[in-house]
Amino acid sequence: MIAEAQKNHAATASAIDGLKAQAEANQKLVSQVGGAVQRIEKRTEERVEKAVEEVAGEASATMTANLDASNERAERIIAATAKLEARQLWSAAAAMCLALLPGAVVIAGLWMGIAGLITGAQWALDVDGSVWLGIGRWLVVAVGLAGAGYGLFASVRWVAGLVENWKGRGMPKWPRWRR
């Protein structure tokens, strides 16, 4: 019995030693696993940082490209706006000329009519006593004055039509006798 107890005691001691060795091996293994986990975490952090830097770099490059494209579009829009402004300037100048043209035509017609009347009267009076020559010249002056008067009348009517059109009332109704 004593021998069996000693045998059991030796077996237990051996088992305890084996368990201690196993525990030390487990601690070594746990230590190694912990180190491996730390290394893996470190590598993972480095890779994540690299990936974030790459993504940030790509995003930055994409954003820069988009900004460049937007700047180019803005420059094209500014150039087109400048062209439109230049065209508007010419359009405004043309509209001003068109607005002033009827008035200029009426004033020129009046001036030419008065000048024609004065010149025609001088020409008709310079007949050196010939009655028929005076009558013929006065007839020519009268026809010229009638033509100039009709031209002035047509010009005034044209200007009145333009003014009516510009006011948005449609075609002019003047003169009323022409209905």
Side-chain angles (χ1 to χ4, degrees), residues 1-112 151-176 178-179:
M1 181 115 182
I2 291 174
E4 191 171 324
Q6 286 178 347
K7 191 177 174 184
N8 285 341
H9 180 69
T12 302
S14 172
I16 288 173
D17 288 339
L19 286 175
K20 283 182 182 176
Q22 185 69 32
E24 287 177 9
N26 284 345
Q27 281 183 346
K28 266 188 177 179
L29 184 62
V30 167
S31 173
Q32 289 176 349
V33 168
V37 167
Q38 286 179 352
R39 283 191 303 268
I40 289 172
E41 285 178 352
K42 191 174 181 179
R43 286 183 189 165
T44 304
E45 284 178 9
E46 289 172 357
R47 287 182 182 171
V48 167
E49 285 177 7
K50 275 187 179 179
V52 167
E53 287 175 2
E54 287 178 9
V55 168
E58 289 176 6
S60 175
T62 303
M63 193 166 60
T64 303
N66 286 340
L67 283 175
D68 289 342
S70 296
N71 285 339
E72 287 179 17
R73 279 182 273 163
E75 287 175 2
R76 280 187 269 148
I77 288 171
I78 288 171
T81 303
K83 281 183 181 177
L84 286 176
E85 285 178 359
R87 288 181 184 165
Q88 281 183 336
L89 178 66
W90 283 108
S91 177
M96 187 179 76
C97 287
L98 287 177
L100 295 177
L101 181 65
V105 166
V106 169
I107 290 171
L110 278 173
W111 180 63
M112 291 175 68
L152 185 62
F153 168 74
S155 296
V156 169
R157 189 172 150 247
W158 176 58
V159 169
L162 287 177
V163 169
E164 290 293 326
N165 279 338
W166 289 340
K167 286 182 177 179
R169 294 181 184 164
M171 294 300 290
K173 302 286 188 236
W174 185 74
R176 296 184 193 278
R178 200 165 177 209
R179 291 183 193 178

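Everything numeric here is computed off the predicted structure, so don't read it as measured data.
Separating the NE2 atom in H9 from the CD1 atom in I16 is a distance of 8.0 Å, to the nearest 0.5 Å. Taken from NZ in K7 to CD1 in I2, the straight-line distance is 15.5 Å, to the nearest 0.5 Å. Here R76 contributes atom CZ and I78 contributes atom CD1; the two are 12.0 Å apart, rounded to the nearest 0.5 Å.
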For residues 36-58, please give each side-chain donor-acceptor pair under 3.5 Å, one per line with the distance, not counting sequence neighbours.
from	atom 1	to	atom 2	distance (Å)
T44	OG1	I40	O	2.6

Give every donor-acceptor pair under 3.5 Å between a side-chain atom in residues 82-110 and any protein atom, sequence neighbours left out.
none

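Within the 3.5 Å criterion, the main-chain N or O of A10 finds no donor-acceptor partner in the side chain of S14. Although no hydrogens or angles enter the test, the distance criterion places a donor-acceptor pair under 3.5 Å between the side chain of T81 and the main chain of I77.
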